[in-house]
Amino acid sequence: MKCEDRKLKKLTDIKKGHQVLVSEIAGGRGLKSRLNAMGVIPGTSLTVISMNGGPAILDVMGTRLMLGRGMARKVLVQQL
Amino acid sequence: MPNLLREDEKSTSSSDSSTHQLTVALAGNPNSGKTTIFNLITGARQHVGNYPGVTVEEVRGVCKFGQTRMDVIDLPGTYSLTAYSAEELVARQVLTEGKPDVVVDIVDASNLNRNLYLAIQIMELQLPMVLAFNMSDVAASQGLKFDLDMLQQRLGLKIVPMVGNKGTGKDDLLSAVTETTRQAETATGSLPNYGEEIERELVELQKAVEESALLTDLPPRWIAIKLLEGDSDIREKLAHTELADLADKAAQRLESELGDNPEALLADRRYGFINGVCREAVQSTVESRRRVSDRIDAVVVSRILGLPIFLGLMYLVFQLTFTLGGPPMEWIEAAFGWLAVTIGGLWPTGSESLLRSLLLDGIIGGVGGVLVFLPNILFLFLAIAILEDSGYMARAAFLMDRLMHKIGMHGKSFVPMLIGFGCSVPAIMATRTLESRKDRLVTMLVVPLMSCGARLPIYALIIPAFFPSKWHGPMLWIIYLIGIALAVFCAWFLKKTVLRGETPPFVMELPPYRLPTLRSVLTHMWNRSSAYLKKAGTIILGISILLWAMQQWPGLSATQVGEFETMRTAIATDSSLDESFRDLRLEEIDFAEAEATLQSSLMGRVGSVLEPVLKPCGFDWKISTAMVGAFAAKEVFVSQMGIVYSLGEEQDEESEPLREKLQANYTELQGFCIMLFCLISAPCMATIAVTKRESNSWMWALLQLAGLTFLAWVVTTAVYQAGQLIT
């Protein structure tokens, strides 16, 4: 049960319209710092606005962020 | 100790009651409306774009408020104050070294949490600060309600609600600024607590910083935080290995204790603090935000339609540029033609006055040739301004990122390259929006390969001279494609060799679509076009005169002139020739003399010296001479060929006689090689000059010059030699 709850997914596996909780950013310092500054830190909830094979568009605290697929893959999330 | 010094400064400045002099720094996130507020309080007319990162360098202005004179510095928009990008470093440098009396942090009220993240980092610098809640009308319409009193109390800062683009809140902001300086000690806000473990390490580090007697008046706590974050810039500046070691150890301890690196931990705590502050003070009622923008984006950046829409829009931009630019170009040409005739008419016909020649051939010819492209440039920049202001450019940069990334470039590089089709000078200036210096340099170096407007007359001269009319369009298209392909190759090559480095992660805020305002679009268009005009007015004018002089001196020796004279008199007095044939012979002698004059002139000599070098490309001394002229400005090539072929000085790309001459003297292959060489070779002087200025180093400018010329030689030689084998 508990294991199931904690299951992390890549952000790229989340469908449009779903809300998720950021668990981890599995990237380099540059990416982490940049995402942190833009409000994507472990514990933030964000909504996927677009995930169609191209760049990901996310709703983070009311603003729209575009994230390249390569980067979105490094954002590990928990589905709510 | 450092604190004492600060207070001294403050008290001297505030005890002077007649006129105050204050330095105010404007900070804020990209797209928070910072530049709008800068313009509002200083009355300046900086361009405001709906494209994150319009301001990269600090911009200064002055503002008077009552008895106070404020020097206002507009900082680049940043999300944070780390050392990862040029904008952040510039902003940080102004805040730490420029010693502003007050910082005004422009906060997009409709996106409070993220905007406060920057505010907190400025607070940690212990600078007196005022928060300007911009776009408070938008926030209200989105159903956000702020308890300003509570926010002010929690943050310990003054907050002024504003609507920058409507001009409200200006006086409130300015009086808050003056008040803040009076109570500077208490206006630095209340700082977040980072929690037991981190605070413990921070206190230790802070103590070490204080004891190490560094020659800096930065707040020790801030230095401690930055050291703990592993900030490369601070470590470099302090150059203190012991402190760095201490910080590394502390970071390791925290990482094993809390399971994450300090940078992430600190970011997390800052957001925690912000959430705590906002929880009670901000109420959100409606969730209907940005629906329209999202719907547009669902189409515009979708995988299937994204690229076609982008390509379609680009096609439209070029179509508009050339069709709308056509008629005004003719007007400008006509105006310069009229000017040349009028000024030329001041002298009797056949006059060999030097002044007349300088005015007509040197100045009017040279500058006129450049100004003719102004309409094209204006329309191109207008289109780009509309795309930027509407918010589309941010999407386009993102769409292009997928492609650009493959060659190691950044999506944002594509905007300068697009502008490069107009003119390389503003294009190189537009590279300022790129965050990493390496990416910026790569883009700068390859931008001249995007065939600019000035090269068009060369193609327009050559293509009809050598190719059948059904090939005109495709030929032009091929030339442009070769330029793009070479730019891609060079960028890839540079990224693999001299400018190796990680491309920074592409994370970009998507601004909501906005209807561009006329004023903003026009300002934008004008700022870029004036860079081009300045080039015409200064460099091109100077070079035109220089080139003209190089063609005049040194003339033929008296004996050579005498020889031509004797030939002339011999024919004129030869009664066996009939009249029309005699005129023809005389004309031939005139041509021969003009050619000899040019060959003996400095310009001709340079061309002759270059001939052996350019021979493998299929060029003779005449083409070589014209290539030298093309270095001043590409389009000079055309008028230069006209002069070389002694067809009178007013040759342009529409001139049939020049085309016939070219056809008679060169092969198709040589014609193609001329275009190829002009496309690739050394960009014009103005480009080199602007590259030097923007890269802040002669090395890169000279590398661009030498590298591109070498590339042009190699490619053209290869094509010419291969072509000769085939034919």
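What's counted below: heavy atoms across the whole structure, side chains too, no hydrogens, waters or symmetry copies. So you know, we letter chains A, B, ... as the sequences are listed, proteins then strands, and number each from 1.
- Taking all atoms of both residues into account, the shortest heavy-atom contact from A/M38 to B/R114 is O-CD, 3.4 Å.
- Residue A/I25 does not touch chain B at all, counting heavy-atom pairs closer than 4.5 Å.
- For A/L35, the part lying near chain B is the side chain, with the backbone staying farther off; criterion is any non-hydrogen pair under 4.5 Å.
- Contact record, A/S33 with B/E263: CB-OE2, 3.3 Å, taken as the closest heavy-atom pair.
- Every ring-ring contact (aromatic ring centres under 6.0 Å, His included) that B/F310 has, sequence neighbours left out, goes to B/F414.
- Separating the CG atom in A/N36 from the OG1 atom in B/T82 is a distance of 9.5 Å, to the nearest 0.5 Å.
- Residues in residues 265-275 of chain B take part in these salt bridge (charged side-chain N to carboxylate O under 4.0 Å, His left out) pairs, two or more places apart or across chains: B/E124-B/R270, B/E229-B/R270.
- The NZ atom of A/K32 lies 4.5 Å from the CG atom of B/N261; values are rounded to the nearest 0.5 Å.
- Checked against side chain to side chain donor-acceptor pair (under 3.5 Å), B/S413 has the following partners two or more places apart in sequence or in another chain: B/T443.
- Within 6.0 Å of CD1 on B/I304 lie no more than 12 heavy atoms contributed by other residues, nucleotides or ligands.
- Residues of residues 42-50 of chain A lying within less than 4.5 angstrom of chain B, judged on heavy atoms, are A/P42, A/I49 in numerical order.
- Interatomic distance, B/E88 CD to A/R34 CZ, rounded to the nearest 0.5 Å: 6.5 Å.
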